[in-house]
Amino acid sequence: MTHQVTSTKPETLTIKITEDGLKAFMTINSNNCHPSSLDLNSILQRLNKQGIKFGIKDLVIKTMLQDKIYNRSILVAEGIPPQAGKDASIEYKFNKKDKPQLWEDIEGKVDFRELRLIDIVHTNDVLASKILPTQGTPGKKVTGEQIPVKKGEDINIPVGENTYLSHDKLTLFSSADGYVFWEDSRIGVKTTYEILSDVDMNVGNINFIGPVKVQGDVKEGFFVKAKGDVEIGGVVENATVISEGNITVIQGIIGSRSKIVCDGDLKCKFVQNANIEVKGNIIVHDAILHSDVRAGKGVFVLGGKKGAIIGGRISAKEEVNAKNIGSISEVPTEIEVGVDPQIRQEVDALEESLTTERTQLHQERLNYKTLLAQNKTELAEQSLSKQKELEELIKMMQHHLYEFKKHVRANYKGKVSAFDTLWPGVKLTIGNATVPLKIDYRYVTFYNSVGHIEQTEYEKPKIKVETSTITYWEREIDKVNGRLG
């Protein structure tokens, strides 16, 4: 809506101001008088008399006069509209929608096992930043009157567990290693990654910087890697689980493509056709069947009906203790104790490399003789130089191998114990001594005595319970110890 300023005499000018006061329009009326008598100053005086003092367009008025633009409403003054303040906003540094973030390699291939559903953060990482609200800019009417403006509204960063705000409350940081979660309109960090289902195509591979708990199974072809403890509620089947802490598998570990590696202890119900390597103890409830198992401390299979180790190869630095080792059908079973499995692997790898280098040296010597016979002196010299390099390398490898074996000879205090039966078909290696068993032994412990394997009455296992929660594995061992008095 506009309002019109009028006069009692024939009106030369008609001036209209819009209802919001931001615009003024002027019409020069040629029918009522002689507009040629008008000039810029008289028009400006008239505008001022009507209260129009701001945003006057002098050039437009001059053009109206010069070009004799009559009887047309023209914008001759314009104010400034107010600019409302912007509300505060939060800039999130993580994916709030929990949608898969598929990654494409340089060849354009997408691994659908790598869903990356969580955003991993470290202590003091920025999780969110607040952009402050603005004050806005007041407006101004053509009458010079100021138009008030609404300021932007403020909001707070939603603070959750394991987070903290900066002193100015503009930045949210993580106070722990973990992953970011958005719950109940709050930003938090969880230090344990809990999967309430199987690790499969819906979840993808897990690679986490803390503990991981999986309620279901770890399905074929997937892996779980964690810097903390890992707990699997179901089975691990032809999958990989790697932990810098302990691993607990409530059910079993199955399949030749299953690989379990941890820096602490492994506890599970059974192991079948799997590859296990831990730096601590391996405590199995029912059985270890046809598997390659290596432990930096001991291997214990004392629960269930069988409590058996059958087939495969079991290596432990300190002890192997089970109800039954081997089987009545004499399934080949290798048990080695007294040597750290990692050192054993290094010895085996060094011996293999040494064989390869010796073969290469032999071939180089044959080449040297052939080159001499062909009077290819320069090539023969090169071959001779290569021989010397190989001889030095072999000499160094032999020294390392000697030191390894010396260590093995000095550290063979291991033992193998069977609470029930140790069957023929089992090959025992304790330190530097090996013996294949031809008959069955009951309630027995084997140990190394000055390079010879000796036997004694069964010795119960000694496992330190490190937590206040006694699991059923420890309870089974307690039962054995109780029966032994």
Using modelled atom types and a 3.5 Å cut-off, is there a donor and acceptor pairing between side-chain atoms of [X] and backbone atoms of [Y]?
| X | Y | result |
| --- | --- | --- |
| Ser417 | Asn321 | no |
| Ser329 | Ser327 | no |
| Asp198 | Asp217 | yes |
| Asp265 | Asn281 | yes |
| Thr456 | Thr445 | no |
| Asn324 | Thr421 | yes |
| Asp420 | Lys306 | no |
| Ser385 | Glu381 | no |
| Ser291 | Leu289 | yes |
| Asn448 | Ile430 | yes |

Between [X] and [Y], is any pair of side-chain heavy atoms under 4.5 Å apart?
| X | Y | value |
| --- | --- | --- |
| Phe270 | Ile254 | yes |
| Thr248 | Asp229 | no |
| Glu364 | Ser383 | yes |
| Cys262 | Val230 | no |
| Lys190 | Glu161 | yes |
| Val337 | Glu318 | no |
| Gln83 | Val149 | no |
| Pro133 | Lys151 | no |

Relative to the ring of Tyr92, is the ring of Trp182 parallel (under 30°), tilted (30 to 60°) or perpendicular (over 60°)?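 Answer is perpendicular, since the angle exceeds 60°.
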If you count every heavy atom of other residues, nucleotides or ligands that lies below 6.0 Å from [X] atom [atom1], does the total exceed 12?
| X | atom1 | value |
| --- | --- | --- |
| Ile131 | CD1 | yes |
| Glu378 | CD | no |
| Lys259 | NZ | no |

Which atom names give the shortest non-hydrogen contact between Ser315 and Arg313, and what distance separates them?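 Result for this residue pair: OG-NE, 3.8 Å.
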Closest non-hydrogen atom pair between Phe173 and Asn124, with its separation: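 Shortest heavy-atom separation between Phe173 and Asn124 comes out as CD2-O, 3.4 Å.
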As an exercise, state the distance from [atom1] of [X] to [atom2] of [Y], rounded to the nearest 0.5 Å.
| X | Y | atom1 | atom2 | result |
| --- | --- | --- | --- | --- |
| Ile335 | Thr434 | CD1 | OG1 | 12.5 Å |
| Phe181 | Ile187 | CZ | CD1 | 10.0 Å |
| Leu170 | Glu91 | CG | CD | 12.5 Å |
| Glu220 | Asn238 | CD | CG | 4.5 Å |
| Ile157 | Arg186 | CD1 | CZ | 12.5 Å |
| Arg257 | Glu237 | CZ | CD | 9.0 Å |

Between Asp177 and Thr123: side-chain donor-acceptor atoms closer than 3.5 Å: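 The criterion, which ignores hydrogens and geometry beyond distance, is satisfied for Thr123 and Asp177.
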Kindly determine whether Glu351 and Thr355 satisfy side chain to side chain contact (heavy atoms under 4.5 Å, CB included), including the steps that lead there. CA-CA 6 Å; Glu351 287 181 334; Thr355 299; 5.6 Å; no
Charged N to carboxylate O under 4.0 angstrom, Lys93 versus Asp119?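 Looking at Lys93 and Asp119, the cut-off is not met.
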Considering only NZ, NE, NH1 and NH2 on the basic side and carboxylate oxygens on the acidic side, decide whether Lys213 and Glu194 come within less than 4.0 Å.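 No, Lys213 and Glu194 are not salt-bridged.
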Using the side-chain hydrogen bond (donor to acceptor under 3.5 Å, both in side chains) rule, pick out the option among Asn156, Asp168, Asp154 that qualifies with Lys130.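 The option that passes is Asp154.
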Passing candidate, ring pair (Phe, Tyr, Trp, His ring centres under 6.0 Å) with Phe419, options Tyr441, Tyr458, Phe300: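 Checked Tyr441, Tyr458, Phe300 against Phe419; only one passes ring pair (Phe, Tyr, Trp, His ring centres under 6.0 Å): Tyr458.
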Under the criterion side chain to side chain contact (heavy atoms under 4.5 Å, CB included), I'd like the reasoning laid out for Lys386 against Gln360: C-alpha separation, chi angles, the key distance, then a yes or no. CA-CA 10 Å; Lys386 182 65 176 177; Gln360 189 173 349; 3.8 Å; yes
Assess whether side chain to side chain contact (heavy atoms under 4.5 Å, CB included) is satisfied between Trp423 and Arg442, documenting all intermediate values. CA-CA 9 Å; Trp423 295 96; Arg442 296 180 182 275; 4.1 Å; yes
Checking side chain to side chain contact (heavy atoms under 4.5 Å, CB included) for the pair Leu361/Gln387: CA distance, chi angles, key distance, verdict? CA-CA 6 Å; Leu361 176 60; Gln387 286 181 53; 4.2 Å; yes
